[in-house]
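Scroll down for the structure; my scribbles are underneath it.
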Amino acid sequence: MLDPKRLRTELDEVARQLARRGFILPTDRIRELEAQRKSLQVRTQELQSERNTRSKSIGRAKAAGEDIQPLLDEVASLGDRLKVAEAELEEVQAALQQIYLGIPNLPDTSVPDGSDEEDNREERTWGDIPRFDFEPKDHVDIGEALSGLDFDAAAKLTGSRFVVMHGPVARLHRALTQFMLDVHTSEHGYRETYVPYMVNSDSLYGTGQLPKFAEDLFHLEDTDYYLIPTAEVPVTNLVRDVILEADQLPCRWVAHTPCFRSEAGAYGRDTRGMIRQHQFDKVELVQAVRPEESFDVLEQLTGHAEAILQKLELPYRVVTLCTGDLGFSSAKTYDLEVWLPGQGRYREISSCSNFLDFQARRLKARWRNPETGRPELLHTLNGSGLAVGRTLVAVLENYQQADGSVAIPEALRPYMGGVERISPP
RNA sequence: GGAGAGGUGGCAGAGCGGUUGAAUGCAACGGUCUUGAAAACCGUCGAGGGUUGACGCCCUCCCAGGGUUCGAAUCCCUGCCUCUCCGCCA
């Protein structure tokens with residue numbers, strides 16, 4: 001959520017910045033509601049004040065043994081007037097809140113203008129795109145030849161966009177997870193964290209998935225529980241309603257969780273293979289930091305995710321998302337895109353974002369600033385480090401051999417019992 | 001699933017329906033003292049919001065949401081959560 005004070009004082013400027021990402025701010029409506037809010041709030045508080053002082057004097061009179069009936073008659077209508085005023089105020093505030101919760105974050109000035117991923121800005125590339133002296137297959141063919149990926153079985157068990165993994169491929173998937181967790185905990189200073197895979201709606205409001213993106217989520221019937229679309233939700237919500245001391249920052253968490261996404265509106269996109277699944281595993285990096293540090297931390301955090309790709313020797317590029325591709329809560333996002341020989345192009349494997357105080361305001365996530373002595377909003381960031389399923393895809397495709405086997409990246413071999421390659425049975 | 005107890009400030013822990021946003025203790029912060037530190041003593045010390053040029057004034061919040069009342073941390077209802085015992089279970 002944006003700062004309501006800023007929406008009052010700099011409404012047109014905010015609207016201009018939001019227009020960069022194609023969001024039309026209803027400025028007239030906001031101005032109208034804010035004017036109503038102001039007068040209603042003043043009136044309500046005056047009535048409350050009157051109630052308080054009169055009630056206190058009744059208390060005093062009663063204690064003094066005086067007749068309080070005349071005083072009671074005086075306040076007879078006050079309660080009703082107050083109730084009306086409070087109800088009106090609440091209505092206006094709810095209307096404002098509804099608008100405010102639907103406003104995306106402001107894009108940082110360094111974010112390029114654009115409408116979709118075509119306009120994302122490439123920052124750098126790493127690694128050499130592999131050349132094959134045979135026609136490279138995609139992970140579906142490779143995985144099926146290895147008897148390691150079974151999409152038909154998953155379709156039977158559940159439906160489309162799920163996968164069953166077997167044998168060495170399943171182990172490779174697990175190895176990737178362990179490897180990522182180990183690197184982030186031992187080399188990058190993150191604290192390993194285990195969280196629920198279901199969260200309540202408060203948590204989803206906190207990180208910004210609700211109220212706008214309910215259709216992307218799996219909701220458990222007759223409950224307030226949702227399957228998490230990313231570990232970002234439970235992990236970032238650790239700081240909800242918390243005031244951290246300065247020496248507790250930065251907080252760095254790494255969590256491995258499955259992620260569940262309905263992929264509503266993705267009909268027909270990436271239907272083949274495990275690029276786009278309803279359930280996939282991800283190792284997520286989350287940080288809560290001092291405001292002045294967040295942009296530096298974004299660079300570091302992106303580097304932490306890149307380190308995994310580098311250790312796995314997977315070629316990738318880094319792009320800055322343009323205003324039109326930016327996520328709802330993010331002020332700036334770097335995507336890491338890994339090279340997939342089966343598709344002959346780069347595909348997103350990590351998304352690293354700085355949310356500034358946007359999530360923190362919804363979460364009431366604060367820290368005590370020693371300079372002011374006051375609780376102030378902190379900044380939150382997160383990034384995939386990495387999406388495990390897509391990393392498996394990238395390993396299978398980039399390390400495939402002419403004979404249908406797949407070499408195991410050096411860094412993963414300790415996690416694979418020393419196995420150097422996996423071959424079709 | 002059954003029975004009971006409870007949710008108050010960073011923590012601990014009081015709080016007859018009436019100047020209680022909340023005693024007290026600890027912690028924290030500032031000061032005195034000290035060569036320095038500790039101890040002792042003095043003081044400050046919850047959060048959010050409205051209004052104001054400013055000093056200030058005002059409002060809200062004692063798990064959440066309703067209700068009773070002139071007045072609710074205190075009474076009533078509902079929900080959530082925690083704890084204890086029994087049952088069941090990985």
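These numbers come from the heavy atoms of this one structure, side chains and all, not from hydrogens, waters or symmetry mates.
- Between A:F355 and A:L381, the shortest heavy-atom distance links the atoms CD1-CA, 3.9 Å.
- Of the two residues near RNA chain B, A:R54 and A:Q41, the one whose nearest nucleotide lies more 5' is A:Q41.
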Protein-to-nucleotide contact annotation, 5' to 3' order, nucleotides 54-60 of chain B [B base; S sugar-phosphate only; - none; under 4.0 Å, heavy atom]: ----BSS

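- The residue A:R37 sits close only to the backbone: its heavy atoms come under 4.0 Å of sugar-phosphate atoms, none of a base.
- One atom, CD of A:E90, and another, P of B:G50, lie 17 Å apart when rounded to the nearest Å.
- Ring to ring, A:F358 and A:F328 are close: their centroids are under 6.0 angstrom apart.
- Rounded to whole Å, atom C1' of B:U69 lies 16 Å from atom CG of A:L71.
- Using a 4.0 Å cut-off between charged nitrogen and carboxylate oxygen, A:D12 and A:R31 count as a salt-bridge pair.
- Residues A:E86 and A:K83 are not paired through a salt bridge, judged by the lack of any N-O separation under 4.0 Å between the basic side chain and the carboxylate.
- When the P atom of B:G65 is taken as reference, atom CG of A:D202 falls 11 Å away, rounded to whole Å.
- Using a 4.0 Å cut-off between charged nitrogen and carboxylate oxygen, A:R161 and A:E263 do not count as a salt-bridge pair.
- Across all strands shown, B:G50 is found opposite B:C57 as a Watson-Crick or G-U wobble partner, with both distances under 3.5 Å.
- Base pairing of B:C83: its partner is B:G4, meeting the Watson-Crick or G-U wobble criterion (both donor-acceptor distances under 3.5 Å).
- To the nearest whole angstrom, the two C1' atoms, one in B:U68 and one in B:C76, are 7 Å apart.
- When Watson-Crick and G-U wobble pairs are counted only if both distances are under 3.5 Å, B:A64 pairs with B:U78.
- At whole-Å resolution of the value, CG in A:N200 and C1' in B:C81 are 12 Å apart.
- Using a 30° and 60° split on the angle between ring planes, A:F162 and A:H278 fall in the tilted class, from 30° to 60°.
- The shortest distance between the side-chain N/O atoms of A:K38 and the OP1/OP2 oxygens of B:G50 is not below 4.0 Å.
- A side chain to side chain contact (heavy atoms under 4.5 Å, CB included) with A:T207 holds for exactly one of A:R362, A:R240, A:E232; it is A:E232.
- Here B:G10 presents its P atom at 10 Å from CZ of A:R366, a figure rounded to the nearest Å.
- Of the listed nucleotides (B:G50, B:U19, B:A47), B:A47 has the atom at the smallest distance from the side chain of A:I243.
- The residue A:K364 sits apart from the nucleic acid: no heavy atom pair falls under 4.0 Å.
- Between A:Q97 atom CD and B:G48 atom P the separation is 16 Å, expressed in whole Å.
- Remark: the separation of the C1' atoms in B:C45 and B:C26 is 13 Å, to the nearest Å.
- A 3.5 Å limit on both hydrogen-bonding distances identifies no Watson-Crick or G-U partner for B:G21.
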Evaluation steps, side chain to side chain contact (heavy atoms under 4.5 Å, CB included), between A:L181 and A:E192: CA-CA 7 Å; A:L181 284 168; A:E192 185 166 349; 3.9 Å; yes

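- Going from the C1' atom of B:G4 to that of B:G87 covers 15 Å, rounded to whole Å.
- For B:A28, the OP1/OP2 oxygens have no side-chain nitrogen or oxygen of A:R368 closer than 4.0 Å.
- Under the Watson-Crick and G-U wobble criteria, each requiring two contacts below 3.5 Å, nucleotide B:A14 is left unpaired.
- As rounded to the nearest Å, B:G9 and B:G15 have C1' atoms that lie 14 Å from one another.
- The side chain of A:S55 lies closest to B:C70 when the candidates are B:C70, B:G49, B:U51.
- Toward the 5′ end of RNA chain B lies the nearest nucleotide of A:K62, the other residue of the pair A:K62 and A:K83 mapping further downstream.
- Comparing B:A28 with B:C85, their C1' atoms sit 40 Å apart, to the nearest whole Å.
- Atoms CG (A:L363) and P (B:A47) sit 19 Å apart, rounded to a whole Å.
- Separating the C1' atom of B:U35 from that of B:G30 is a span of 22 Å, rounded to the nearest Å.
- In this entry the distance linking CH2 of A:W367 with P of B:A47 reads 15 Å, nearest Å.
- On the C1' atoms, B:C16 is 24 Å away from B:C77, given to the nearest whole Å.
- A 3.5 Å limit on both hydrogen-bonding distances identifies no Watson-Crick or G-U partner for B:A37.
- Taking atom C1' in both B:U74 and B:A23, the straight-line distance is 15 Å, to the nearest Å.
- Aromatic ring centres of A:Y190 and A:H304 lie closer together than 6.0 Å.
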